[in-house]
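Heads up: the structure comes next, in structure tokens.
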Number of protein chains: 2
Amino acid sequence: MKNTVSRCPIEGVMQVLSGRWPTLLLYYLKDGTKRFGDLRRDNPTISHRMLTVELRKLEDAGIVRRSAFEGYPLRVEYDLTPKGLELVPLIDALGQWWVRAAGYPRNGIRRAEAPAG
Amino acid sequence: MKNTVSRCPIEGVMQVLSGRWPTLLLYYLKDGTKRFGDLRRDNPTISHRMLTVELRKLEDAGIVRRSAFEGYPLRVEYDLTPKGLELVPLIDALGQWWVRAAGYPRNGIRRAEAPAG
DNA sequence: AGTAAATTACGCACTTTTTTGTAACCAGAT
DNA sequence: ATCTGGTTACAAAAAAGTGCGTAATTTACT
């Protein structure tokens with residue numbers, strides 16, 4: 001998943017959305033503005049390092065907006081940009097496809113017997 | 001991205017679609033049936049091993065159908081299952097979002113100044 | 001009054017885990 | 001020997017986790 005020039009738009013999107021966290025963060029951010037700690041509580045298994053890294057990646061992709069406020073204790077808020085909001089229904093569609101297709105019959109055709117012609 | 005029980009459907013989909021190859025293979029397979037060697041030529045940078053690994057993953061997910069025919073040299077064909085076909089427009093939508101959103105204005109709000117209240 | 005501890009959102013260095021690539025080997029008919 | 005579609009073992013690379021340090025203010029306690 002290294003940085004490669006992508007001829008195909010699919011490569012570009014997947015560079016950003018691939019992995020366990022990006023879509024999951026989108027999922028939580030679509031409810032509205034969240035703080036760093038909120039997102040950690042939403043998903044307790046993400047490490048603080050990964051959360052910063054992934055948020056930064058989404059920010060760089062123009063999907064998430066980061067707003068830091070002066071003062072202590074620190075306060076930083078994250079929310080979706082218009083671009084990010086457009087992405088949400090597309091991700092949702094994938095989720096729906098996943099649950100819908102879960103009941104599909106297994107493709108039983110393995111090692112089909114047929115003339116090699 | 002290891003095997004975790006996914007409460008959220010998003011996690012499930014991304015487990016299969018994450019990475020550089022899955023969506024790309026979908027992209028090539030949507031044109032119709034392809035053989036192993038075809039797919040390697042379509043994407044010369046994928047290693048022999050990764051192609052088998054990724055194809056097997058997609059097959060296990062019920063997205064790709066694998067048909068092996070008797071005889072030598074070997075002949076194995078890959079195509080999309082109905083489930084896989086349903087996925088294609090969703091992936092395409094992501095690609096379109098990517099190119100459409102590429103021209104969006106950068107989110108310039110960084111380190112916003114505001115009362116910490 | 002003085003001090004210790006908690007808070008919040010990280011950055012950095014280091015270790016572990018996971019993923020991907022390489023190369024060699026296999027089958028068996030032409 | 002070559003062709004095709006694989007498998008396996010090993011090595012390299014990338015991704016993810018761990019733990020420590022930082023900052024200024026509040027709270028908790030003595």
Side-chain angles (χ1 to χ4, degrees), chain A residues 1-4 11 14-25 29 33-60 64-79 110-117, chain B residues 1-4 11 14-25 29 33-60 64-79 110-117:
Chain A
M1 231 178 309
K2 199 59 255 119
N3 231 334
T4 352
E11 288 193 65
M14 293 317 287
Q15 208 135 68
V16 178
L17 298 186
S18 269
R20 203 163 142 199
W21 307 119
T23 50
L24 216 49
L25 293 180
L29 281 171
T33 299
K34 292 278 179 86
R35 299 183 54 176
F36 189 86
D38 294 332
L39 290 167
R40 289 216 67 186
R41 275 181 289 276
D42 285 338
N43 204 316
T45 63
I46 197 174
S47 70
H48 75 270
R49 184 181 158 282
M50 283 315 290
L51 185 52
T52 55
V53 168
E54 297 292 329
L55 282 172
R56 195 73 65 194
K57 194 170 73 174
L58 291 173
E59 191 195 356
D60 289 345
V64 159
R65 179 180 60 159
R66 175 185 188 276
S67 317
F69 301 91
E70 307 256 324
Y72 287 84
L74 296 168
R75 187 160 73 90
V76 181
E77 293 183 350
Y78 294 93
D79 60 355
R110 270 181 176 260
R111 331 277 156 188
E113 313 294 315
Chain B
M1 234 175 315
K2 203 51 264 126
N3 231 333
T4 353
E11 289 194 66
M14 292 319 287
Q15 207 134 71
V16 178
L17 297 188
S18 272
R20 202 162 142 200
W21 306 119
T23 48
L24 216 50
L25 293 179
L29 281 169
T33 299
K34 291 278 178 85
R35 298 183 54 178
F36 187 87
D38 295 332
L39 290 168
R40 288 216 67 186
R41 276 180 289 277
D42 284 338
N43 203 314
T45 63
I46 196 174
S47 72
H48 189 130
R49 186 179 157 283
M50 282 314 289
L51 185 52
T52 56
V53 168
E54 296 292 327
L55 282 172
R56 195 71 67 195
K57 195 171 72 173
L58 290 173
E59 191 194 357
D60 290 345
V64 159
R65 179 179 59 159
R66 183 190 121 104
S67 317
F69 300 90
E70 308 254 323
Y72 287 86
L74 295 168
R75 186 161 72 91
V76 182
E77 293 182 349
Y78 294 93
D79 60 357
R110 272 185 175 256
R111 330 276 157 191
E113 312 296 314

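To find a chain, count down the sequence lines: A is the first, B the second, and so on, and within it residues start at 1.
Evaluation of the side-chain contact (heavy atoms from CB on, under 4.5 Å) rule for Thr52(A) yields Phe36(A) as partners, not counting sequence neighbours.
The side chain of Glu54(A) sits closest to dA16(D) out of dT20(C), dA16(D), dG5(D). The side chain of Tyr72(B) approaches dA27(C) more closely than any other nucleotide in the set dC10(C), dA27(C), dT7(D). Listed candidates were dG5(D), dC10(C), dC3(D). Nearest to the side chain of Pro73(B) is dC3(D). In this structure, of dG5(D), dA9(C), dT22(C), it is dT22(C) that holds the atom nearest to the side chain of Ser47(B).
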TODO: Apply side chain to side chain contact (heavy atoms under 4.5 Å, CB included) to the pair Tyr78(A) and Glu59(A), showing each step before the final yes or no.
DONE: CA-CA 9 Å; Tyr78(A) 294 93; Glu59(A) 191 195 356; 5.6 Å; no
Open item on the list: Would Leu55(A) and Arg66(A) count as a side chain to side chain contact (heavy atoms under 4.5 Å, CB included) here? Give the steps.
Closed with: CA-CA 9 Å; Leu55(A) 282 172; Arg66(A) 175 185 188 276; over 6 Å; no
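Leu51(A) has its CG atom 10 Å from the C1' atom of dC10(C), to the nearest Å. As rounded to whole Å, 12 Å separates atom P of dA23(D) from atom CG of Leu74(A). At whole-Å resolution of the value, CD in Glu70(A) and C1' in dA9(C) are 14 Å apart. The CZ atom of Arg56(A) sits 17 Å away from the P atom of dA16(D) (whole-angstrom rounding). dT22(C) atom P lies 12 Å from atom CD1 of Ile46(B), rounded to whole Å. To the nearest angstrom, C1' of dT4(D) lies 8 Å from NE2 of His48(B). Taking atom CZ of Arg75(A) as the reference point, atom P of dA23(D) lies 22 Å away to the nearest angstrom. A straight line from CZ of Phe36(B) to P of dC3(D) spans 15 Å, rounded to a whole angstrom.
Nucleic acid contact for Glu77(B): none, since no nucleic acid atom lies under 4.0 Å from a heavy atom of the residue.
Among all heavy-atom pairs drawn from Glu54(B) and Pro22(B), the shortest one is OE1-CG, 3.4 Å.
Contact check for Asp42(B) versus Leu25(B): no side-chain heavy atoms found under the 4.5 Å cut-off.
The end-to-end axis angle of the helix from dA1(C)-dT30(D) to dC26(C)-dG5(D), rounded to 10 degrees and based on five pairs per end, is 20°.
Between Arg35(B) and Arg49(B), the residue whose closest nucleotide on DNA chain D is further toward the 5' end is Arg35(B).
A salt bridge between Asp60(B) and Lys57(B) is absent, with no side-chain N of the basic residue lying under 4.0 Å from a carboxylate O of the acidic one.
Screening Lys34(A), Arg41(A), Arg35(A) against Asp38(A) for a salt bridge (Lys or Arg N to Asp or Glu O under 4.0 Å) leaves a single residue, Arg41(A).
Not one side-chain nitrogen or oxygen of Tyr78(A) sits closer than 4.0 Å to the OP1 or OP2 atom of dT8(C).
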